[in-house]
J.: 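Can you read through this structure? Questions will come right after.
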Amino acid sequence: MTRALILGGTSDASLLAEAVARAGIDALYSYGGRTCAPADQPLPTRIGGFGGVSGLADTIRREAITHVIDATHPFAAEMSRNAVAACAATDTPLIALERAPWARAPGDNWIEVADVSAAVVALSEAPAKIFLAIGRQHIAPFAARPQHIYTLRFVDPPEAPLLFAADMIVSRGPFTLDGELEMMRARGIAWIVARNSGGAGARAKIDAARMLGLPVIMISRPELPERQRVESVTEVMQWLSHSTRLGV
Ligand code: 3Y8
Ligand code: NAP
């Protein structure tokens, strides 16, 4: 009997949850508990960490999970690594639903960097207005460059004072091209710092930067362990039905 665990937290994971619910497949949706009010899902939902690899393995056993779909974000590296290890430990089929990275298009002015620290160093020394579109968890290193005027965008209002002066936008996205153009023009943004999330939900800022001729410091994705990987909900549903027919 199929029982799927969806490691969620992205718009792709929400689309998958709809397809799984529509197909009447028994499944559990999981959020990491990063935001105050995550979007409702059409499946039974759990919120919060599992307690590392062993915690996830215990959940797989206790919940009689037969298939795990890692539909987390490409930067949710620890969750993805834990899923590979826990599925190996419990001999549970695993597939990743992961959108392709954004590719540089004609007119893009990207400075590609490996991580947040390299992004800080890549910024100009001269004071500038900078849009940090990388969420809340990884902005501390920018305190080393207090000469800039930062605009931050979080899903929820900050709980603690920021480490450096910044204008705050609280919005969960997905974002629109018109909205990004208006925001960047109104704030005189000169640089954007982004992660190569891929997908449509955060793409608008990249397109807006190209239209405005602005440089984007693009943080590359972390390395993830090898695992079966698809880019569409359809392929996940085929995998689920195929492996269910085979009784794996
Ligand atoms: C909790 C679930 C939907 C889902 C919306 C997508 C799009 C907007 C792009 C910018 C970039 C950023 C951030 C972002 C994107 C979608 C999608 C996507 C980037 C929610 C969600 C959860 C999270 C967690 C949150 C992180 C933060 C990252 C904001 C829900 C809304 C910057 C990633 O405050 C915090 O601690 C937020 C943490 C992880 C990265 C960070 O380090 O701060 N996402 N985002 C999930 C959980 O608890 O398991 O609340 O409903 C999901 C979405 N985030 O409804 O359509 O294609 O997925 N999310 C990045 O760098 O790309 C925003 O502002 O332009
Ligand atoms: P992360 O750093 O890879 O994970 C850190 C820990 O958070 C994991 O080890 C796990 O805790 C817990 N966790 C993460 N995702 C979980 C999930 N879906 N269900 C249960 N526990 C989860 O993760 P992150 O980058 O903070 O992302 C957290 C969530 O936000 C994920 O759902 C992700 O899809 C979503 N999200 C992240 C980004 C991003 O930029 N990282 C963007 C959009 C959405 P334990 O070790 O205790 O099990």
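These figures come from a predicted structure and were not determined experimentally. Both ligands and their constituent atoms are indexed starting at 1 by order of listing.
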J.: Nearest to atom 47 (C) of ligand 1 by heavy atom, G32, P38, G48: which?
T.: G32

J.: Indicate, as side chain, backbone, both or neither, the part of A39 found under 4.0 angstrom from ligand 1 when only non-hydrogen atoms are considered.
T.: both

J.: Should one rank E159, R34, R172 by closest heavy-atom distance to atom 5 (C) of ligand 1, which comes out on top?
T.: R172

J.: Applying a strict 4.0 Å limit to heavy atoms, is D156 in contact with ligand 1?
T.: no

J.: In the protein, what heavy atom is nearest to atom 34 (O) of ligand 2, and what distance, to one decimal place, separates them?
T.: G8 O, 2.9 Å

J.: Under 4.0 angstrom from atom 64 (O) of ligand 1, is there any protein heavy atom?
T.: yes

J.: Please walk me through it: do E63 and R46 pass salt bridge (Lys or Arg N to Asp or Glu O under 4.0 Å)?
T.: CA-CA 12 Å; E63 292 287 342; R46 64 174 297 291; over 6 Å; no

J.: Using distance alone, determine whether T10 and ligand 1 share an N or O pair under 3.5 Å.
T.: no

J.: Within the structure, is a non-hydrogen atom of F175 found at a distance of less than 4.0 Å from ligand 1?
T.: yes

J.: Using the side chain to side chain contact (heavy atoms under 4.5 Å, CB included) definition, which of the options L132, I169, D167 pairs with R153?
T.: I169

J.: Considering only heavy atoms, does S197 approach ligand 2 within less than 4.0 Å through its side chain, its backbone, both, or neither?
T.: neither

J.: Under a 4.0 Å heavy-atom limit, does R34 contact ligand 2 with its side chain, its backbone, both, or neither?
T.: side chain

J.: Among protein heavy atoms, which lies nearest atom 46 (O) of ligand 2, and at what distance?
T.: G52 N, 3.2 Å

J.: Under 4.0 Å from a heavy atom of T10: which atoms of ligand 2 are those, numbered in the order shown and with their elements?
T.: 34 (O)

J.: Which of the numbered atoms in ligand 1 are below 4.0 angstrom from a heavy atom of A202?
T.: 9 (C)

J.: Decide whether the shortest distance between a heavy atom of G33 and an atom of ligand 1 is less than 4.0 Å.
T.: yes

J.: Look at atom 26 (C) of ligand 1 and find which of K205, R203, Q137, R153 reaches it with the closest heavy atom.
T.: Q137

J.: Assess G51 for proximity to ligand 2: is some non-hydrogen atom of it under 4.0 Å away?
T.: yes

J.: So is P174 touching ligand 1 or not, going by heavy atoms under 4.0 Å?
T.: yes

J.: Using heavy-atom distances, let me know which of I139, D12, V155 sits nearest atom 25 (C) of ligand 1.
T.: V155

J.: Counting both backbone and side chain atoms, is some N or O of G9 under 3.5 Å from an N or O of ligand 1?
T.: no

J.: What part of N82, side chain, backbone, both or neither, has a heavy atom within less than 4.0 angstrom of ligand 2?
T.: side chain

